[in-house]
Amino acid sequence: MALVAGVDCSTQSTKVLICDAETGAVVRQGRAPHPDATEVAPAVWWDALRSASDGLLDDVQALAVGGQQHGMVTLDANGEVVRPALLWNDTRSAGAATDLIDELGGAQPWVDAVGVVPVASFTVTKLRWLAANEPDEARRTERVVLPHDWLTWKLSTNADPTTDRGDASGTGYWSAATGEYRHDLLRRAFGRELGVPEVKKPDAIVGHTPDGIALAAGTGDNMAAALGLGAGPGDVVVSLGTSGTVFAVSESPTTDPSGYVAGFADATGRFLPLVCTLNAARVLTAAADLLGVDLDRLSELALASTPGAAGLTLLPYLDGERTPDLPDETGRLTGLTRANARPENLARAAVEGMLLGLADGLDAVRQHGVPVRRALLIGGAALSPAVRAVASGILGVPVDVPAPGEYVALGAARQAAWALSGAAEPPQWTVEAERAPEATEDYSGARDRYAQFRTGVQELSVRSNKS
Ligand SMILES: Nc1ncnc2c1ncn2[C@@H]1O[C@H](COP(=O)(O)OP(=O)(O)O)[C@@H](O)[C@H]1O
Ligand SMILES: O=C(CO)[C@@H](O)[C@H](O)COP(=O)(O)O
């Protein structure tokens, strides 16, 4: 049996799966935590990868890394890391995003050029922030790469880092539609040219470890999840990790000048329209902390409430928000009365608030021509019984919950198996899924209240930006 390894270097942890290359069956796995921070020294990921894969890589023939998207890893002339990586959920470059949009004459030129409208998450805005705020570090920077690029390089004997279409499409200086870097936009952001990794083909072997393990190109974590799930036409993935994401594999690139849907590339040569919120699973941990309970009890409490949380609505922007673009916002709770001020309603409002933002995301993806037959619910918070119970009602589509698993790492392993096989398509791996309860309850009132509350907050933000 040939073995392949898939790595997921996500926000909160590194996960490693060792799989049978033919069937995808998981034969062993490991995990190691990351610190809770929005800037992280890449060496921390390297240590986590070594710890999570300790003793697991014997007889492994190929490996790929799926990584959190957009993180800015800066390298000097010797390939040493210049400063800790700024992660996708670091909002300090929000002002740089606004400046870059204004300088190009609005959002449309950006989506035309690279398929995305800059927000603080994207690498291009982090480069502008670095150039403006840390001149010494900026001067030393010769190359910029992404988390999965850096780890793949560090694993290899290669002289230079490489990347893939999926992750490159989240930089803001590579176009999914044309398959080319926009060096002009990178120069605009940073003030001068920087080295960028070569974009390898989806099934490429890009190098080898010193032990001779073949390395596939790797990709961004959402692209890897799509590959791990084998997402096909009609499937929309809803991932509830640190971020909340809604995405689908598409045959054509997406351009959304509202910036709601990002026009990314996938890991197979296709495209991956994607909506991402900054606040998902951690909304539930924050609510559990507030109520002094664990996540299981939070779920029980939420299930003891009713659709609409008896009138309580949570806008869950606890870490600021990216979609909608409200980087300086905070969480806001409305509708609190003496009658509904109960732990179960607060728990329910947290679960619903997290999903209501993603229901908007699902509508946005649908409006861009993506057919929606079912949602596939993955990520840590998909383990919550309350989330599973209300998801279909809030999202308004049938929801399938794949067997609990690490689908980013599985997708990376599938890419490694594909590269190893030399075949035209990835190997056929089957994913078991269970249908979540069909919606019998009406969430239209909750959706309307949420939309009203969100619109009010967006209007307030526009007014305060003007004054
Ligand atoms: N049973 C559960 N209910 C709700 N949330 C959960 C549960 N189990 C894990 N989580 C949450 O899932 C998150 C981790 O999910 P994961 O998809 O691994 O995140 P990431 O990929 O961003 O690192 C954590 O915030 C954790 O609290
Ligand atoms: O920024 C995005 C997508 O555009 C995030 O989805 C990151 O890729 C981090 O993912 P998780 O750690 O939440 O899986």
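Computed from a predicted model, the values in this text were never measured in an experiment. Both ligands and their constituent atoms are indexed starting at 1 by order of listing.
For ligand 2 and His70, the ligand atoms under 4.0 Å from any heavy atom of the residue are 1 (O), 2 (C), 3 (C), 4 (O). With ligand atoms numbered from 1 in the order given, ligand 2 contributes 6 (O) to contacts under 4.0 Å with heavy atoms of Thr245. Close approach of ligand 1 to Ser384 is summarised as follows: ligand atoms under 4.0 Å from at least one heavy atom of the residue are 3 (N), 4 (C). Below 4.0 Å from some heavy atom of Thr285 lie the following atoms of ligand 1, by number and element: 27 (O). Every atom of ligand 1 is numbered from 1 in the order shown, and the set under 4.0 Å from a heavy atom of Gly379 is 17 (O). If you number the atoms of ligand 2 from 1 as listed, the ones under 4.0 Å from a heavy atom of Asp221 come out as 7 (C), 8 (O), 9 (C), 10 (O), 11 (P), 12 (O), 14 (O). Every atom of ligand 2 is numbered from 1 in the order shown, and the set under 4.0 Å from a heavy atom of Thr242 is 13 (O).
Judged by distance alone, the side chains of Asp363 and Gln367 never bring a donor and an acceptor atom under 3.5 Å apart. With no hydrogens or angles considered, a side-chain donor-acceptor pair links His34 and Thr14 at under 3.5 Å. Side-chain contact of Thr38 with Asn89: a donor-acceptor pair under 3.5 Å is absent, judged by distance alone. No hydrogens or angles considered: a donor-acceptor pair under 3.5 Å links the side chains of Thr125 and Ser93. A donor and an acceptor atom, one from each side chain of Trp88 and Thr11, are located under 3.5 Å apart. Neither side chain, Asp167 nor Gln69, offers a donor N or O lying under 3.5 Å from an acceptor on the other.
Between Gln12 and ligand 1, an N or O atom pair is found at a separation short of 3.5 Å. On a distance-only criterion, Thr242 and ligand 1 share at least one N/O pair closer than 3.5 Å. Between Ser10 and ligand 1, at least one N/O pair is under 3.5 Å apart. Polar contact check, Gln69 against ligand 2: a nitrogen or oxygen pair lies under 3.5 Å apart. Between Arg322 and ligand 2, an N or O atom pair is found at a separation short of 3.5 Å. The distance criterion of under 3.5 Å between nitrogen or oxygen atoms is met by Gly380 with respect to ligand 1.
Atom 18 (O) of ligand 1 has as its closest protein heavy atom Lys15 NZ, 2.6 Å. In terms of protein heavy-atom proximity, atom 12 (O) of ligand 2 is nearest to Thr11 OG1, 2.5 Å. With respect to atom 1 (N) of ligand 1, the closest heavy atom belonging to the protein is Leu383 CB, 3.6 Å. Of the protein's non-hydrogen atoms, the one nearest atom 6 (O) of ligand 2 is Ser243 OG, 2.8 Å.
Using a 4.0 Å cut-off between a side-chain N of Lys or Arg and a carboxylate O of Asp or Glu, Glu137 and Arg83 do not qualify as a salt bridge. For Asp400 and Arg435, the salt-bridge test passes: some basic side-chain N is under 4.0 Å from an acidic carboxylate O. In this structure, Glu39 does not pair ionically with Lys126, as no charged nitrogen and carboxylate oxygen lie closer than 4.0 Å.
Tyr173 and Tyr181 have parallel rings, their planes meeting at less than 30° on a 0 to 90° scale where 60° marks the start of perpendicular.
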* To do: Applying side chain to side chain contact (heavy atoms under 4.5 Å, CB included), run through Val65 and Gln415 and close with a yes or a no.
  => CA-CA 9 Å; Val65 180; Gln415 188 197 54; over 6 Å; no
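When heavy-atom distances to ligand 2 are checked against a 4.0 Å cut-off, Val408 has no atom that comes that close, whether in backbone or side chain.
For atom 19 (O) of ligand 1, the candidate residues are Gly241, Ala281, Gly244; the nearest heavy-atom contact is made by Gly241.
Using a 4.0 angstrom heavy-atom cutoff, His34 does not count as in contact with ligand 1.
Close placement of the His70 and Phe264 rings is indicated, their centers lying within 6.0 Å of each other.
Distances from atom 7 (C) of ligand 1 to the protein include at least one heavy-atom value under 4.0 Å.
The shortest distance between side-chain heavy atoms of Leu57 and Ile18 falls below 4.5 Å.
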